[in-house]
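Structure first, commentary second.
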Amino acid sequence: MAQQEDVFKKLVSHCKEYGFVFPSSEIYDGLGAVYDYGQNGVELKNNIKRYWWDSMTLLNENVVGIDSAIFMHPTIWKASGHVDAFNDPLIDNKDSKKRYRADVLIEEQLAKYDDTIEKEIEKASKRFGEAFDEQKFRETHPRVLEYAAKREALHTRFVRALNDTNLEELQQIIIDEAIVCPVSGTRNWTEVRQFNLMFSTEMGSTADGAMKIYLRPETAQGIFVNFLNVQKSGRMKIPFGIAQIGKAFRNEIVARQFIFRMREFEQMEMQFFVRPGEELKWFDQWKQTRMRWHKALGLGDHKYRFHDHDKLAHYANAATDIEFEMPFGFKEVEGIHSRTDFDLSSHEKYSGKKIRYFDPELNQSYTPYVIETSIGVDRMFLSILAGSYCEEQLADGETRVVLRLPPALAPVKLAVLPLIKKDGLPEKAREIMNSLKFDFQCQYDEKDSIGKRYRRQDAIGTPYCVTVDHDTLTDHRVTIRHRDTMEQERVPVADLNPLIADKVSLKNLLNY
Ligand code: GAP
């Protein structure tokens, strides 16, 4: 675990050193849980968004996109339930004055039981070697059984407290489990209180009677309130989906783990409208499709898993998360929810406008049901970086840091490097770069030894480096060096474009 934390620290400083992510307002000592994307970060982020957008709107004839405003009529958030129910249960430690999410403290306690069980198994497996029967050990070993029973009892109690929104019980669990504050080490807790996560501001001047409005905490509502606009103007037939990418804002209490939990972040959401009664079939279909999308990145299938929700949100009748193995454990990157007809019905009620679909095949009108896929761009960014970051020991005793990014997502696709800074090589390199720059994000670099230049490109995940040497001037060939294998081959300059285009195309990912 300590080793993993170490990797995470290195990843955070790598992001800063190589222009991926900077703390926001850094010269003013930063702003909690707000980050800026640098020159390489923005390219990677745009490529992730393009991968998602194309997978939705190109691969599905019946999914179209929109871009709705961040500011929306405040009644939308009343209708969606966010004004009344978008809360986190928080608790303070009186000694450290630190604030925590009560549910997160309990989830961490559950994870501790799991860890303890796994450690017992690991120890026994080492002791017994080949002869070890893990299942039998789990079913019979007294200590494992004791921990498993404690975990199960805690889990049942926790789920009940969450479902009943029983704040006293959440506090009692924290006391009974003897959970301590990680900072002060004490159990001196306040009671548990609800805290609404929405940011608000005012629209119009106070003289006019300004209106309190909210910064959207999810992009989904912009889709729901445009359901009829898109359905009618696009002559869309159910089932169909509306996709959107945009900023969302949440006043997170526990904002940690870098860009994993931010106060300003970006979501990629798709609402898929279906016939009532067919929603669970579509839920399952989107669950599988989304998992394939993640695995197509090639970061390792074992790094993903589903996690079905214990507590369903106020709008859902089924929900699961896709989790990725971050350096700090398996964490949610995407949520897939069967949202029933909750949102459309509620907007119909609050707006007084009929929001129905006439189904010509059934010859009947109804409020469509909705399957939602919702993924955070920033979490996706973090999972891709964590899955690609590699420290390699080389044959010559040196180490290199390489980002093994899927080539289609890499911020820079190729670097053009003249072997030396004279003899017409820079001019030739520029000429080659000028012929490629319309199709690919390229970088020109002539400073330092070729080895150092390779390392710089490895560190930002550039899949190809093209070296121009003296022979290039006469044989019109260059050396192309592959990031992952470090192999080099000599290819005609004229072949570069199709060769690279083939390897960095998004098609390689979209074919899942
Ligand atoms: N419309 C449904 C919805 O917003 P959610 O599970 O609250 O559902 C969806 O959020 C996704 O948005 C999450 O899986 C996560 O990737 C991302 N997300 C949520 N809160 C975030 C935060 N504070 N910082 C970064 N990403 C966040």
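First listed ligand is number 1; within each ligand, the first listed atom is number 1.
In the vicinity of E334, heavy-atom distances shorter than 4.0 Å reach the ligand 1 atoms 14 (O). Short contacts between ligand 1 and R339, defined as distances under 4.0 Å to a heavy atom of the residue, involve ligand atoms 1 (N), 2 (C). Taking a cut-off of under 4.0 Å to the non-hydrogen atoms of G335, the atoms of ligand 1 that pass are 14 (O). Close contacts of ligand 1 with F260, meaning ligand atoms under 4.0 Å from a residue heavy atom, involve 24 (N), 25 (C), 26 (N). In summary, the atoms of ligand 1 found under 4.0 Å from a heavy atom of E372, numbered by their order in the structure, are 1 (N), 2 (C). Close contacts of ligand 1 with E218, meaning ligand atoms under 4.0 Å from a residue heavy atom, involve 1 (N), 2 (C), 3 (C), 4 (O).
Formation of a donor-acceptor pair under 3.5 Å by the Y113 side chain with backbone atoms of K150 is not found in this model. With hydrogens and angles ignored, the 3.5 Å screen pairs a side-chain donor or acceptor of N196 with a backbone N or O of M198. Checking side-chain atoms of N93 against main-chain N and O of D95 turns up a donor-acceptor pair under 3.5 Å. When atom types are taken as modelled, the side chain of N511 and the backbone of K507 share no donor-acceptor pair closer than 3.5 angstrom. Not one N or O on the side chain of N60 forms a donor-acceptor pair closer than 3.5 Å with the backbone of N62.
For W293 and Y51, the ring centers sit closer than 6.0 Å to each other. Checked against a 6.0 Å centroid threshold, the rings of W77 and F86 do not count as neighbours. Between F273 and Y369, the distance separating the two ring centers is not shorter than 6.0 angstrom. Here the two rings, on F381 and Y37, have centers that are under 6.0 Å apart. The aromatic ring centroids of F328 and F260 lie less than 6.0 Å from each other.
Look at E264 and you'll find every heavy atom at least 4.0 Å from all atoms of ligand 1. Ligand 1 has no atom lying under 4.0 Å from any heavy atom of D378.
For atom 18 (N) of ligand 1, the closest non-hydrogen atom on the protein side is F265 CE1, 3.4 Å. From the protein, the heavy atom lying nearest to atom 9 (C) of ligand 1 is S374 OG, 3.0 Å. Among all protein heavy atoms, the one lying closest to atom 15 (C) of ligand 1 is R379 NH1, 3.5 Å. Looking only at heavy atoms of the protein, atom 24 (N) of ligand 1 is closest to M262 N, 2.9 Å. Protein heavy atom nearest atom 14 (O) of ligand 1, with residue, atom name and distance: E332 OE2, 2.5 Å. Scanning the protein for heavy atoms near atom 12 (O) of ligand 1, the closest one is Q267 NE2, 3.3 Å. Of all protein heavy atoms, the one lying nearest to atom 19 (C) of ligand 1 is R250 NH1, 3.4 Å.
Residue P217 places no N or O, backbone or side chain, under 3.5 Å from any N or O of ligand 1. Of the N or O atoms in G376, one or more lie within a sub-3.5 Å distance of an N or O in ligand 1. Below 3.5 Å of separation, one finds an N or O of E269 facing an N or O of ligand 1.
Counting only residues at least two apart or in different chains, ring-ring contact (aromatic ring centres under 6.0 Å, His included) contacts with residues 15-34 comprise H14-Y18. Residue pairs satisfying the side chain to side chain donor-acceptor pair (under 3.5 Å) criterion with at least one member in residues 227-242, sequence neighbours excluded, are listed as follows: N226-N229.
Residue K247 qualifies as enclosed at atom NZ: its count of foreign heavy atoms under 6.0 Å is above 12.
The proximity of R261 to ligand 1, defined as any non-hydrogen pair under 4.0 Å, involves the side chain as well as the backbone. Neither the backbone nor the side chain of Q221 comes within contact range of ligand 1; no heavy atom lies under 4.0 Å. Of all the heavy atoms of M380, none lies under 4.0 Å from any atom of ligand 1, so neither backbone nor side chain is involved. Of all the heavy atoms of V333, the ones lying under 4.0 Å from any atom of ligand 1 belong exclusively to the backbone. Only the side chain of H337 comes within 4.0 Å of ligand 1, counting heavy atoms alone; its backbone N, CA, C and O stay farther away.
Of the candidates F330, F306, Y304, Y304 is the only one forming a ring-ring contact (aromatic ring centres under 6.0 Å, His included) with F324.
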